[in-house]
Protein chains: 2
Amino acid sequence: MARAKRATLKSIASDLGVTHTSVSNAWNNPAKVSKELRDRIFAHAATVHYEGPNPAARSLRTGRCGAIGVLFNDQLSYAFTDAHDIAFLRGISSVCEEEGANIVLIPLKDKHPERLDNLTAIVDGYILNAPYKSHPTIRKALARRLPTVVVDFDAPELPSVLTNDRAMMREVVSHLLTLGHRHIAIVTFPWSQDHGEIFTLGHDVSDENHVVHERVLGCRDAFEAAGVAPDGVLVCETPNDEDGGQRAVDRLLRRRHDLTAMVCFSDRLAHGVVARCQALGLSVPRRMSVTGYDGIDPPGRPSEGMKLTTVRQNAFEKGRKAAEALLCAPVQAGTPIRIAAQFVAGDSSAAAWELTE
Amino acid sequence: MARAKRATLKSIASDLGVTHTSVSNAWNNPAKVSKELRDRIFAHAATVHYEGPNPAARSLRTGRCGAIGVLFNDQLSYAFTDAHDIAFLRGISSVCEEEGANIVLIPLKDKHPERLDNLTAIVDGYILNAPYKSHPTIRKALARRLPTVVVDFDAPELPSVLTNDRAMMREVVSHLLTLGHRHIAIVTFPWSQDHGEIFTLGHDVSDENHVVHERVLGCRDAFEAAGVAPDGVLVCETPNDEDGGQRAVDRLLRRRHDLTAMVCFSDRLAHGVVARCQALGLSVPRRMSVTGYDGIDPPGRPSEGMKLTTVRQNAFEKGRKAAEALLCAPVQAGTPIRIAAQFVAGDSSAAAWELTE
DNA sequence: GTGGATATGTTTATCGTTAAACATTGGCGG
DNA sequence: CCGCCAATGTTTAACGATAAACATATCCAC
C-alpha cells in the first residue's frame, strides 16, 4: 500500500478554498486570521493528519531551524563514557530546555569521510568541545561559518569558553615538587588523532589539541620554576581510559624505574595508573604518588575509597556558558569566558622522601 | 558590516557560466561531470567559501536529512544524570557513528508549549525512550508519523524494543518473599507527570508509563502467587533520585514501621533508601532489605561498598537495537525486539526472620 | 556509413514553506 | 459623506537545492 501523500499548506488551502498563506498564518501569525477561519483550518488539518508546517521547508525559508550542533573530539560513544563530557552535555541541555532548542550530536565522520560533503547537519550554530585543530569534521564545521562557540580551544576569532588548565597543572606539579618528588612522569591522553609515543617535556608540543598543549606547558612551567630540566621528564601518550592508564605505567617504568610520581591528565587515566601500580605492588601513595584531572566524584557513594588528588573542573558550567553564548547573549570573540578549575589535594599523593632516601 | 550574502549553487553556476545542475552534480554525482569542470567548480567554491549544498534545502528536496530524533521521558538534563539513559544514548551513538547519522536530542517542551507547533525537529525518524503515553511532546512526535521506534512502551502498531520488566520484578519480590519478608514496600519513580501519592498494590495502575506499569504488575504477580494480599502492600511514588529515595523512607515508615524490605524501581532510588535507612540506624540488610533496578555499576571502582541486589539491564543494547531498527534493518511492528534483563543477588537483601521473630 | 552506447551538459519542474506588498471590507470620528 | 485605520485575505516572489527528461558530441563496432 503506497503511503498516502502528505498534506501540505497548499493542499489544505485548496481543500478549504483559501490561500495557503492564510493556512500558514493560522500557525505562525494567528492574529492575522479570523478565529473562525483558524478553527476551520485546524479542524481540517486534524482530519488529514497535518501536523504543522514542514520543518525543513520552514528552515529553508526562514534560515533558522532551532537546533545547535555539538561536536566532540572523540567518538560520540566515547563521550558518553566520560563523566566530563556528560556533565558538559548536561550543561548544554539545561540551557536548551529553557530556550526550547534542540541539540544535534554530530559523530565525527571518520568512518564515512565521503559524507563530510554530503550530510552536513541542519543547525543554527555549533559548539565545538576541545576539538582537534585539524580534524576534517571540525574544519568542515568551522568552514560553514555559522555562529560557533569553541570550548577549550584556541581560536581568537571566535567566542570561546576556556579554563585555566595551564595554571592548574602548574599547581599540581608544584604540589608534587613541594612533596619532594624529583622523578615525575606525565600521562596524557592523545594530543592528536594518531598517538602513542613517549616524549620528554623538552620536546615542543603540538597545539593540535589545546587542552593537552596548555597542560603540558603548565607542567613545564612548574619544572622550570623549580630548576628541574624538562628534558628529563617523560611524557607518555595513551588512550584516555583505565586500560590506557594501566599500560602507561608499564611503558613508563620500563624506561625509568625510579619514578615516584605520575601526573595524569584525567581521572580515568589516574584510576588506571593507581590500579596498575597496586597490582605491581607499588602502594599509592606511599611508593607512588598519582594525580588526576577533572574531579569526577565516582558516582554511587562519594566518600568511599581513596580520594584522588586532582583538579576539579566545572564541566556543567562550561556547557551552560557555551550554550548561553550561542543561544542567549551573543558573546564577543575577543573576550573568552573563563571557567576556573580548582586544585583538590587528596590521598593519592604524599611526600616522596620516605623512599628516595 | 553586513554579512556578505552566501554563495549558492546558482551563484557559483553563473560565476562559472555553467548550469546549477552541473554544480550540484559536482557534489552529488561526480561521475556526471568532467573532471576538468569539477576541478573548476571546487576551486571556485573554495574562493567564495561555499561549503557544499545547503542542508535544509537538500533536505526539503530529498525528504531526508540524515538525523534521528531521540526523546526522553524526562528533562534532558536529567537524562544526563541517569546511568541507564546515558548507556542507552551510547548504544544509539555507536550505531549512528557507523551509519554516519546525526542524533537530535529533543527536550520536552514543557516550558515552551507554544513551540510544540512551531519548532518541530528536522529528523528522519524518532526513537522514543520509555515515553509517557499522553505527554504532549510525545504525542506530537507520534502524530508526525515518521518512522518511529519505541523503547519500553506499549504500542503494538510500532516497532519496539522491550525488556522483561514484569518477569524480573516478579523475581525480585519472590526473592524477598523467599527470604521470609512479609512487610515489603515498593518505591517507584513517577508513573505520570504529576506524582507524589502513596498507593497500595490493590489499586489499579495507570499504564501511562509502561515501565512502571509492568513492574508494578510483576510485583503484584509475586505477592498473589505467595498468597499475600496486594492491598496491604504500600507503593510510594517519588522523584527518581537519591533524595527521592531518602524521603520515600520517611514517608513509608510513617505509615508502617514494621517494614523489613523496600523494593526500589531504580538503583538511584535504592541508594537513597539505603542511605536514609542507615541514617535512621536501620542497618542494611540486617534490619532492612533493599533492592534496586538497572544494575548500574557505581563507576569509579566497582568492587567497593555494598553490592546492591538488583536487576541488570542492558541499556546499551537497548539503544543499539533501537537505532538499528530505525537506521539499518527496518523491523516489523508486530514483533518487538526483546532485551533480557538479569536478576543479580547482592548484599543489600537478607533473610527477614532475625527481626520479625 | 549506420546505429547505439557513453560522456557531458542543459532545461524545466518541484520540494513546502514564509514574507512583503497589495486588495477588500467595515467601522468610526468628524 | 469623506477619509483613514484595523481586520482579514490574496498575490507573488523567493529560499536553495535535486531529479527527470532531454540535447549534443564522441567513439566504436560491424
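Every chain is numbered from 1 and lettered A, B, ... according to where its sequence line falls, protein lines coming before strand lines.
- Nearest nucleotide to the side chain of B:Lys5, out of D:dT18, D:dC15, C:dT17: D:dC15.
- Within 4.0 Å of A:Thr19, counting heavy atoms only, lies at least one base atom of the nucleic acid.
- Counting to the nearest Å, the C1' atom of D:dG16 and the CZ atom of A:Arg144 are 13 Å from each other.
- Contact of A:Arg61 with C:dT18 (side chain to base): a donor-acceptor pair of N or O atoms is detected under 3.5 Å.
- Among the protein residues, A:Thr21 comes within range of the nucleic acid bases, having at least one heavy atom under 4.0 Å from a base atom.
- Using a 4.0 Å heavy-atom criterion, one finds that B:Thr62 contacts the sugar-phosphate atoms exclusively.
- Contact annotation: A:Asn54 side-chain N/O to C:dT17 OP1/OP2 distance is not under 4.0 Å.
- For the residue pair B:Arg58/B:Asn28, the side-chain donor-acceptor check at 3.5 Å is satisfied.
- The residue among B:Ala57 and B:Gly17 whose nearest nucleotide of DNA chain C lies closer to the 5′ end is B:Gly17.
- Nucleotide D:dC15 holds its P atom 14 Å from the CG atom of B:Leu60, rounded to whole Å.
- Annotation for A:Glu36: atom CD does not count as buried by contact number, only 12 or fewer foreign heavy atoms lying within 6.0 Å.
- Between A:Tyr132 and A:Trp191, the distance separating the two ring centers is not shorter than 6.0 angstrom.
- With DNA chain C read from its 5' end, the first of the two nearest nucleotides for A:Leu9 and B:Ser34 is the one closest to B:Ser34.
- In this model, the phosphate group of D:dT18 is not approached by any side-chain N or O of B:Lys32 to a distance below 4.0 Å at OP1 or OP2.
- Distance A:Arg58 CZ to D:dA14 C1': 17 Å, rounded to the nearest Å.
- For the pair A:Asn28 CG and D:dC15 P, the interatomic distance rounds to 19 Å; values are reported in whole Å.
- In this structure, A:Asn29 atom CG and D:dT10 atom C1' are separated by 15 Å, rounded to whole Å.
- Rounding to whole angstrom units, CZ of residue B:Arg64 and C1' of C:dC15 are separated by 15 Å.
- Atom NZ of A:Lys318 has more than 12 heavy atoms from other residues, nucleotides or ligands within 6.0 Å.
- Distance NE2 (B:His20) to C1' (D:dA20): 13 Å, rounded to an integer number of Å.
- Computed from coordinates, the A:Asn25 CG to D:dA7 C1' distance equals 13 Å when rounded to whole Å.
- Contact between the side-chain N/O atoms of B:Ser24 and the OP1/OP2 oxygens of D:dT18 is found at a separation under 4.0 Å.
- B:Ser22 places a side-chain heavy atom less than 4.5 Å from the side chain of B:Leu37.
- A sub-4.0 Å separation between OP1 or OP2 of D:dT10 and a side-chain N or O of A:Ser22 is present.
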